[in-house]
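Report on the following structure.
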Amino acid sequence: MTEAQTTPRTGKRVLLAKPRGYCAGVDRAVQTVEEALKLYGAPIYVRKQIVHNKHVVQTLESQGAIFVEENEEVPEGSTVIFSAHGVAPEVYEQAKERSLKAIDATCPLVTKVHHEAKRFAAEDYDILLIGHEGHEEVIGTAGEAPAHIQLVDGPDSVDQVKVRDPEKVVWLSQTTLSVDETMETVARLKQRLPLLQSPPSDDICYATSNRQHVMKEIAPSCDVVIVVGSRNSSNSVRLVEVALDAGARAGHLVDFAHEIDDAWLEGANTVGVSSGASVPDELVMEVLQRLAGHGFTEVEEIITANERLTFSLPQELRRDMKAAAAARG
């Protein structure tokens, strides 16, 4: 039981969402950088942000990780880790050309979408990729079959879709989208393309769906919802949108507790708190402390699912860790 839960009741309460925070793919990606630093020593280069969270990136930088935008910035022969969001095949080729030791920390659920894209492209389908233009995950997936994939950025872009054969078309999606908006996009696509096929299994990841589901449960009771997460984190931004759509009176995204504006809490009795899938729980605990300082001392955790999924570390890293352990022992 937290300190906040044992303090006298003030009538002000926090509804704390669970599941929240780290998903299995993020946990694996962050661990990959930490273990690589231990095994190979600093610096370790990471292409793009390993996950979309300011605090995580700053923490790893302090341990010796160097974040770069492209492989060209990595000295030849160095170790580079590819982020959880996935990369296009050409990025692997560039790494080979520079003799880089590449460790792929792509989330296995993103890799699944890449495999689907390759398979449908090999069967000569038109692939409609639902996602946000410019997002790293979308760039990586589209790079698997650029001649077959066209981006559909939400329901409003459905009218621009053109396909060669309406009987050979399938939709795939970015893993971190709003479930409801994606289904709305699919419904509109099906009005135009009745034979549109769906992916073999859901592309939106379990963690994104679960966090949105619990948010829908708590939002109608909330005067304010605070989501901990970074602005470039698609799933965190979606959580605020889901909260507002589900009936929260106001919703805000913050990286850190000190960003909470006191004015947001004026007149509020119930505050909802959640966090995106790349957010360590210590940041949520700091938000609860700040809210307790404003009288929000009663914390009720609302649980809609228990997540137990874990992913093993990338095989390149596991192989080297095993060899190092054997050499020591």
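Hydrogens, waters and symmetry mates are skipped; everything else that's a heavy atom, side chains included, is used.
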Any residue meeting side-chain contact (heavy atoms from CB on, under 4.5 Å) with A325, in chain and number order, not counting sequence neighbours:
R328
Between G86 and T106, which heavy-atom pair has the shortest distance, and what is it?
CA-OG1, 3.3 Å
What are the two closest non-hydrogen atoms of S278 and V56, and how far apart are they?
O-CG2, 3.8 Å
Test side chain to side chain donor-acceptor pair (under 3.5 Å) applied to [X] - qualifying residues, sequence neighbours left out:
X    : answer
K168 : none
T270 : R13
N53  : none

So, D153 and H132: side-chain donor and acceptor under 3.5 Å apart, yes or no?
yes
Could you note down all residue pairs passing ring pair (Phe, Tyr, Trp, His ring centres under 6.0 Å) where residues 158-204 supplies at least one of them, sequence neighbours left out?
none
Residue pairs fulfilling ring pair (Phe, Tyr, Trp, His ring centres under 6.0 Å) with at least one residue in residues 62-97, sequence neighbours excluded
H52-H85, F82-Y92, H85-H135
Just distance, no hydrogens or angles: give the donor-acceptor pairs under 3.5 Å from side chains in residues 96-103, sequence neighbours left out.
{"residue": "R98", "atom": "NE", "partner": "N71", "partner atom": "O", "Å": "3.2"}
{"residue": "R98", "atom": "NE", "partner": "V74", "partner atom": "O", "Å": "3.3"}
{"residue": "R98", "atom": "NH2", "partner": "E72", "partner atom": "O", "Å": "3.4"}
{"residue": "R98", "atom": "NH2", "partner": "V74", "partner atom": "O", "Å": "2.8"}
{"residue": "K101", "atom": "NZ", "partner": "D320", "partner atom": "OD2", "Å": "2.7"}

Quick one: does any side-chain atom of [X] pair with a main-chain N or O of [Y] as donor and acceptor, under 3.5 Å?
X    : Y    : answer
E137 : T175 : yes
N210 : P19  : no
R318 : E316 : no
D223 : N269 : yes

Counting only heavy atoms not in Q315, do more than 12 sit closer than 6.0 Å to its CD atom?
no
Inspect the surroundings of CD in E259 and state if more than 12 heavy atoms from other residues, nucleotides or ligands are less than 6.0 Å away.
yes
Of all residues at least two apart in sequence or in a different chain, which pass the salt bridge (charged side-chain N to carboxylate O under 4.0 Å, His left out) check with [X]?
X    : value
E167 : none
D104 : none
K18  : none

Enumerate the residue pairs fulfilling side-chain hydrogen bond (donor to acceptor under 3.5 Å, both in side chains) with a member in residues 27-37, sequence neighbours excluded, ordered by first and then second residue.
E35-K38
Distance-only criterion, 3.5 Å: show the donor-acceptor pairs between side-chain atoms of residues 187-196 and protein atoms not counting sequence neighbours.
{"residue": "R188", "atom": "NH1", "partner": "P155", "partner atom": "O", "Å": "3.3"}
{"residue": "R188", "atom": "NH2", "partner": "E184", "partner atom": "OE2", "Å": "3.4"}
{"residue": "R192", "atom": "NH1", "partner": "V158", "partner atom": "O", "Å": "2.6"}
{"residue": "R192", "atom": "NH1", "partner": "D159", "partner atom": "O", "Å": "3.3"}
{"residue": "R192", "atom": "NH1", "partner": "V161", "partner atom": "O", "Å": "3.1"}
{"residue": "R192", "atom": "NH2", "partner": "V161", "partner atom": "O", "Å": "3.1"}

Salt bridge check, D281 against R20: does any charged N sit closer than 4.0 Å to a carboxylate O?
yes
Close side-chain approach of I44 and L60, heavy atoms under 4.5 Å
no
Let me see the working for R238 and E241 under salt bridge (charged side-chain N to carboxylate O under 4.0 Å, His left out), right down to the final yes or no.
CA-CA 5 Å; R238 301 289 85 72; E241 294 172 357; 2.9 Å; yes
Between atom CG of L128 and atom CD of Q150, what is the distance when rounded to the nearest 0.5 Å?
5.0 Å
Looking at the rings of F256 and H258, which for Trp means the six-membered one, are their centres under 6.0 Å apart?
yes
Check the pair E307 / R211 against salt bridge (charged side-chain N to carboxylate O under 4.0 Å, His left out), numbers first and verdict last.
CA-CA 11 Å; E307 295 177 348; R211 280 149 192 67; 2.8 Å; yes
